[in-house]
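Step one of this worksheet: look at the structure below.
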Amino acid sequence: MVDLDEARQRIMTSRSFGKLTDDLDEIREAIRQYGQRSAEKLRRQNGLAKAVLVFLKTNPHRQDLPQCSPSLVLELARPTADSREILHAAGHALQQIYRQGYLYQKGGVMLIDLIDADRQQLSLLEPPLNDAERQRSQRLMDVMDKLNGRMGRGTVRLGTPSPGAAWHLRCAHLTQRYSTRWDELPAALAT
């Protein structure tokens, strides 16, 4: 029997882009959004990540285009759930794996080597994060999570995505949401 409340071993956020893109700035925005979402999920389970994996993929069904699927794992300086540190590592990884001349269809961020925040074992070799800095980081992430929970996901985020960027999902063929949206109820006309 699987325990649904059990903490995950890894957390991944990835999406197919709305259209193929080779624009590094647009891909960087997407990776930043995926990294923030993964960090939120990590904090929700009271975990810390020791490493970040970033990947990109081209469209395997478009054999007329050059293909590649680069990925890179970067170990974090110390286990963390701070979005800023995770995004910093993800940005470095993206910079190393991005290759010009390829049209990317998908990207993602995976937090790996997760541990429980309450059972973190400190290293004697790394300089300790002083308690004030650790509490400040924790409070900042708590405030971000509370505001996003109360006012809607994405209310507070690190960096603002460009409107209409290639990585945004296309929603041209959404099914009407009659049962959940008043503005999408069908209108019946009587003649």
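Hydrogens, waters and symmetry mates are skipped; everything else that's a heavy atom, side chains included, is used. Bear in mind the structure is a predicted one, so any value in this text is a computation, not a measurement.
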Between [atom1] on residue [X] and [atom2] on residue [Y], distance to nearest 0.5 Å:
{"X": "T21", "Y": "D23", "atom1": "OG1", "atom2": "CG", "result": "5.0 Å"}
{"X": "D113", "Y": "L76", "atom1": "CG", "atom2": "CG", "result": "9.5 Å"}
{"X": "L53", "Y": "M12", "atom1": "CG", "atom2": "CE", "result": "9.0 Å"}
{"X": "L56", "Y": "S14", "atom1": "CG", "atom2": "OG", "result": "11.0 Å"}
{"X": "R32", "Y": "E29", "atom1": "CZ", "atom2": "CD", "result": "5.5 Å"}
{"X": "F55", "Y": "M110", "atom1": "CZ", "atom2": "CE", "result": "7.0 Å"}

[X] versus [Y]: any side-chain heavy-atom pair under 4.5 Å?
{"X": "I115", "Y": "K50", "answer": "yes"}
{"X": "N59", "Y": "L103", "answer": "no"}
{"X": "Q105", "Y": "K57", "answer": "no"}
{"X": "I27", "Y": "L94", "answer": "yes"}
{"X": "L72", "Y": "V54", "answer": "no"}
{"X": "L114", "Y": "Q9", "answer": "no"}
{"X": "H92", "Y": "L74", "answer": "yes"}

Derivation of the side-chain hydrogen bond (donor to acceptor under 3.5 Å, both in side chains) call for R28 and Q95: CA-CA 9 Å; R28 187 177 293 120; Q95 200 67 39; 3.1 Å; yes

Stepwise side-chain contact (heavy atoms from CB on, under 4.5 Å) check, I112 with V73: CA-CA 9 Å; I112 55 178; V73 174; 3.7 Å; yes

Using 30° and 60° as the class limits, which term best fits the ring planes of Y98 and Y104: parallel, tilted or perpendicular?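 Tilted: the ring planes of Y98 and Y104 meet at 30° to 60°.
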
For the residue pair [X] and [Y], what are the closest heavy atoms and their distance?
{"X": "Y34", "Y": "G107", "value": "CE1-O, 3.4 Å"}
{"X": "L42", "Y": "L48", "value": "CD1-N, 3.8 Å"}
{"X": "A81", "Y": "R43", "value": "O-NH1, 2.8 Å"}
{"X": "S38", "Y": "V109", "value": "OG-O, 3.6 Å"}
{"X": "I86", "Y": "G35", "value": "CG2-O, 4.2 Å"}

Is it the case that atom CD in Q96 sees more than 12 heavy atoms from other parts of the structure closer than 6.0 Å? yes

Distance only, no hydrogens: is a donor on one side chain within 3.5 Å (strictly under) of an acceptor on the other, for Q67 and T58? yes

Going by distance alone, is a donor N or O of one side chain under 3.5 Å from an acceptor N or O of the other, for S83 and Q36? no

Lys/Arg N to Asp/Glu carboxylate O, R37 vs E40, below 4.0 Å: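 Looking at E40 together with R37, the answer is yes, because their closest N to O distance falls below 4.0 Å.
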
